Amino acid sequence: MTGPVVVIGDTLLDRDVEGTVNRLCPDSPVPVLDETTYVDRPGGAGLAAVFAAEGAEVALITAIADDAGGARIGTLLAATGVQLYGLRLPGATPEKIRLHARGRVLLRHDRGGPAGEPGEPSEAMLRLLATASAVLVSDYGRGVARHPALRAALAATRAPVVWDPHPRGPAAVPGVHLVTPNESEARELAKLPPGASRLVTASRGAQTLRQRWRAGAVAVTLGGDGALLCHAGSTPLVVPAPAADGDTCGAGDRFAAAATLALAGGALVSEAVQEAVAEASAYVAGGGVAAALPAPVRTAAPVVVTGGGDRIGATAAGAVVARVRADGGTVVATGGCFDLLHAGHVATLQAARQLGDCLVVCLNSDASVAGLKGPERPVMPQGDRSRLLAALSCVDAVMIFDEPTPHAALSWLRPDIWVKGGDYATGGGEETLPEAEILARWGGHTVVVPYLDGRSTTDMIAAARAVEGAR
């Protein structure tokens, strides 16, 4: 593989809530679930990207909303190493919440409303498709796969393209290497009448879609029975699956991701489908999505700050950014620990705010500061630090992040300008800033503003300790 594997499609936020049921609701004959734990994960194309990232460098082109759900998706993807290339998504993040008791799903609660129209892709996104080793289109029917600019770039790429369709989505771009519907999707997309046997229906659906979409091959997944592959020959290939019982949620994404990785490595389509069947079967037998998610995703908890008003947190930051973008304004962001706020910090923040129409501060959490500067830091807890920053007239919102770097927060915020204080400059220009590559994904810019000499949190702490020790 020479370039990254690129996944394109609609990303959702999935939440699995586990609880116990010991009683019925007094005003309705339904069970009451007492929540004990929950796990968030990227869903849709995001889940396919997480699976693909287990075997390759992966970039995800998807639409991300300016809300707390979008921020959560960005954090979860960053934990797996997936590079997020975000299109603007009006409205709310689509969410799927599954309520479990004793390992069984009681109810699925969907929220987020109708799909908004995704924004325009950047030049970096289109260049990414031209250099990909393989592309997976994971369509969940919410509009990303329908975007004209992305479809034109997909038609032009030389990389093998796998298309995982959705009944509410568009036709595959002509010439894709492999289409991977499940049997109900194949039946609905091909508009087949009922009555035929399962294999006949799958074969007719696959042949119809292959001819209609001018695809190289169509593999219809058949759950525990494997897959049926139709390509140029008249006789389909049936790939049986090993016996596997378990949670099948995400198995289709696992199948499509495995086939894409195999094609990226040079496999024939028939070889890719056989490998995908084996991977999907092992995934189900191994416990499904709950067991397959990498540890960083299973354990990544959102940062919670109580109090501080309406200018702190992902919801506040997203609202500010959405409002400024809707008015055609410029979004500016900066970041740091801001432990013991001093005049140098204020000068940087004031200079940053003058560069645009809002300023969002990405603030290292207590855990992040301790990881960077040692167990004795921070001096001020994140709640106090965030409230001090939010009280400044030049700051419009504060967003706390838990990682060592603000890359996940930046991938979600997608500011037009990222500002660093002058003490970060080394004379080499924009490319010396670690955030420059991230900003380039959506056409943003990194800049350095002047910094007041002689102002340092470390020096302030050392001086305070010296005075204390002299007493």
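Since the structure is predicted, the reported quantities are computational estimates derived from the model, not experimental observations.
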Item to complete: Look at atom CD of Glu123 and say whether more than 12 heavy atoms of other residues, nucleotides or ligands are closer to it than 6.0 Å.
Response: no
Worksheet item: Just wondering, are more than 12 heavy atoms of other shown residues or ligands nearer than 6.0 Å to CD in Glu117?
Response: no
Worksheet item: Val21 and Leu106: side-chain contact (heavy atoms from CB on, under 4.5 Å), yes or no, with the steps?
Response: CA-CA 10 Å; Val21 175; Leu106 300 179; 3.8 Å; yes
Worksheet item: Which pairs with one or both residues in residues 185-236 pass ring pair (Phe, Tyr, Trp, His ring centres under 6.0 Å), sequence neighbours excluded?
Response: none
Worksheet entry | Side-chain donor/acceptor of Thr221 to backbone N/O of Gly223, under 3.5 Å | no
Item to complete: Going by the side-chain contact (heavy atoms from CB on, under 4.5 Å) test, name the single residue among Asp139, Asp10, Leu189 that passes it with His166.
Response: Asp139
Worksheet item: Residues in ring pair (Phe, Tyr, Trp, His ring centres under 6.0 Å) with Phe255, at least two apart?
Response: none
Practice prompt. Can you label the angle between the Tyr283 ring and the Phe51 ring as parallel, tilted or perpendicular, going by 30° and 60°?
Written response: perpendicular
Discussion item. Treating Ser122 as the side-chain partner and Arg441 as the backbone partner, does any N or O pair qualify as donor plus acceptor under 3.5 Å?
Written reply: yes
Worksheet entry | Set of side chain to side chain contact (heavy atoms under 4.5 Å, CB included) partners for Ala45, sequence neighbours left out | Val7, Thr11, Leu60, Ser138
Item to complete: Would you check if the side chain of Gln274 reaches a backbone N or O of Ser270 as a donor-acceptor pair within less than 3.5 Å?
Response: yes
Discussion item. Other residues, nucleotides and ligands only: do more than 12 of their heavy atoms fall within 6.0 Å of CZ on Arg198?
Written reply: yes
Fill in: Criterion side chain to side chain donor-acceptor pair (under 3.5 Å) on Ser365 and Asp402, from CA distance to verdict
CA-CA 5 Å; Ser365 71; Asp402 221 17; 2.4 Å; yes
